[in-house]
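Taking it in order: structure first as C-alpha cells, then the write-up.
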2 protein chains.
Amino acid sequence: MSAGHTAVTTEPVVTCGGEDCGIRGVLDRIGDKWSVLVVVELAQGVRRFRQLQRAIPGISQRMLTLTVRRLERDGLITRTVHPMVPPQVDYELTAMGHSLTYLVKALADWSAEHQDAIARARERWDEANPGSGIH
Amino acid sequence: MSAGHTAVTTEPVVTCGGEDCGIRGVLDRIGDKWSVLVVVELAQGVRRFRQLQRAIPGISQRMLTLTVRRLERDGLITRTVHPMVPPQVDYELTAMGHSLTYLVKALADWSAEHQDAIARARERWDEANPGSGIH
DNA sequence: CTGCATCCCGGGCGATACTG
DNA sequence: CAGTATCGCCCGGGATGCAG
C-alpha cells in the first residue's frame, strides 16, 4: 500500500477483497429498492399485506408479493396466515431481520449526513458536463 | 455504532420512515452491484482504468465507464487524466468516498455474520416450497 | 490505454384480470 | 383481503466497432 502520505490511517479494507464474498447475496437483497422499504416498515411492528402496500406508495401488488416472499425465503421476515374470512396475513421481522435494521440505520445515517454534499457534487458535475446523459 | 442496548424493544426506527429520504439516492448508488466493487477496489489505493477492469472480473468496459462516471458525479471518487501517450487516467476515492468504505465494511461484516444463516434459510424454504420460481 | 456510439437481447417490473 | 397468472413495455447492460 502507498505509504509515505499524510495520516491515511485505518482503511476498513473490506475483508473479502473485490471478488464475490457474501456481500453480493446481501446486496441483491438490501440493495433492492423495495426490500429496504419493507424492512423499514416492519421495523415498526407487525404489518398486514395491505398495510405494507399502503405504507409504501409506489409499490405494485406484484412487487410487494415478490419482495415479501424473498425476504421470507432469506429468513428475514415471517409470514403468518390466519385462517379467517376475509383472509389475514401478518408479516414480522425475525431476529435476523431485526439485526438488519441496524445496518439500514447506518445506511440512513450515512445518507442523511452526506446527501447534501452529494446533491451539490451532482449539481457541479452536471454544470461542468452538460448533456452527458449520466445519471 | 451507538449503544446497541440489548436486543428486543429498541428498534433503530429509521428516521425517514417508509417514504423516500436520502436513502434512495444512496441505495441507487451503493446498492449497485458494480459501484460497491469499484469502491472496495479503490479503498486499497489509486487505480487506473484497466487495473479496475482487471480487478473486477465480470465487469464490461461499458459498465465500468458508466460506474466511475456516476461515482465521480456523486463526488465519491476523483478522475485524473494524465496527458501522455498512451493515455493514463487515475481514479481515487475522495474523503466522502473513504467514509463510504466504512459503510461497506459494515455491510461486509453483516454479510459474513449472517450469510450462513441466510443460506440455510433459503435451503429450508426451497425445500418446503418446491418449484416456486422465487429467487 | 481510455472512452464513446451503436446494436440488440433478456428479463425486470407495472398493469390488468381472475381466484379463494 | 391476499395472492396468482398473463401480457407487454421498457431499459439495463453485454458485445462490438471506432476514435483520440
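First the proteins, then the strands, lettered A, B, ... as listed; each starts at 1.
Rounded to whole angstrom, the span from the CZ atom of R29(B) across to the C1' atom of dG12(D) amounts to 14 Å. R69(B) places its CZ atom 7 Å from the C1' atom of dG3(C), with the value rounded to the nearest Å. Distance CZ (F49(A)) to P (dG20(C)): 18 Å, rounded to an integer number of Å. Atom CZ in R47(A) sits roughly 16 Å away from atom P in dC1(D) (whole-Å rounding). Taking atom CG of L52(A) as the reference point, atom C1' of dG3(D) lies 14 Å away to the nearest angstrom.
Of the candidate nucleotides dC4(C), dA2(D), dT2(C), dA2(D) has the atom lying nearest to any side-chain atom of P87(A). Residue R50(A) places its side chain closer to dA2(D) than to any other of dA2(D), dT2(C), dG3(C). Checking dC1(D), dG3(C), dT2(C) against the side-chain heavy atoms of Y91(B) singles out dG3(C) as nearest. When distances are taken from the side chain of H135(A) to each of dG12(D), dG3(C), dA2(D), the shortest belongs to dG12(D).
For H135(B), the NE2 atom counts as loosely surrounded, since its 6.0 Å shell holds 12 or fewer non-hydrogen atoms of other residues, nucleotides or ligands.
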List every contact pair, protein side and nucleotides 13-17 of chain D side both N or O, where the distance is under 3.5 Å.
residue	atom	partner	partner atom	Å
dG13(D)	N7	R62(B)	NH2	2.9
dG14(D)	OP2	S60(B)	OG	2.8

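Ranked by how close their nearest DNA chain D nucleotide is to the 5' end, P86(A) and T65(A) are led by P86(A).
Considering every non-hydrogen atom in both L42(B) and R47(B), the closest pair reads CD2-CB, 3.6 Å. The two residues S35(A) and R29(A) have their closest heavy-atom pair at CB-O, 3.2 Å. Across R48(A) and P87(A), no two heavy atoms sit closer than the pair NH2-O, 3.5 Å.
Between atom CH2 of residue W125(B) and atom CD of residue E72(A) there is a gap of 6.0 Å, rounded to the nearest 0.5 Å.
Evaluation of the salt bridge (charged side-chain N to carboxylate O under 4.0 Å, His left out) test over residues 75-93 of chain A, restricted to residues two or more places apart or in two chains, returns none.
In summary, the side chains of Q51(B) and R54(B) do not present any donor paired with an acceptor at a separation below 3.5 Å, with no hydrogens or angles considered.
Using modelled atom types, one side-chain atom of T94(A) and one backbone atom of L76(A) make a donor-acceptor pair closer than 3.5 Å.
Defining each end axis of the helix from dC1(C)-dG20(D) to dG20(C)-dC1(D) as the rotation carrying four pairs' C1' atoms onto the next four, with five pairs an end, the two axes are found to diverge by 40° to 10 degrees.
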Practice item. Could you check K105(A) against D109(A) for salt bridge (Lys or Arg N to Asp or Glu O under 4.0 Å), going step by step and ending with a plain yes or no? Key: CA-CA 6 Å; K105(A) 177 67 164 50; D109(A) 289 346; 3.0 Å; yes

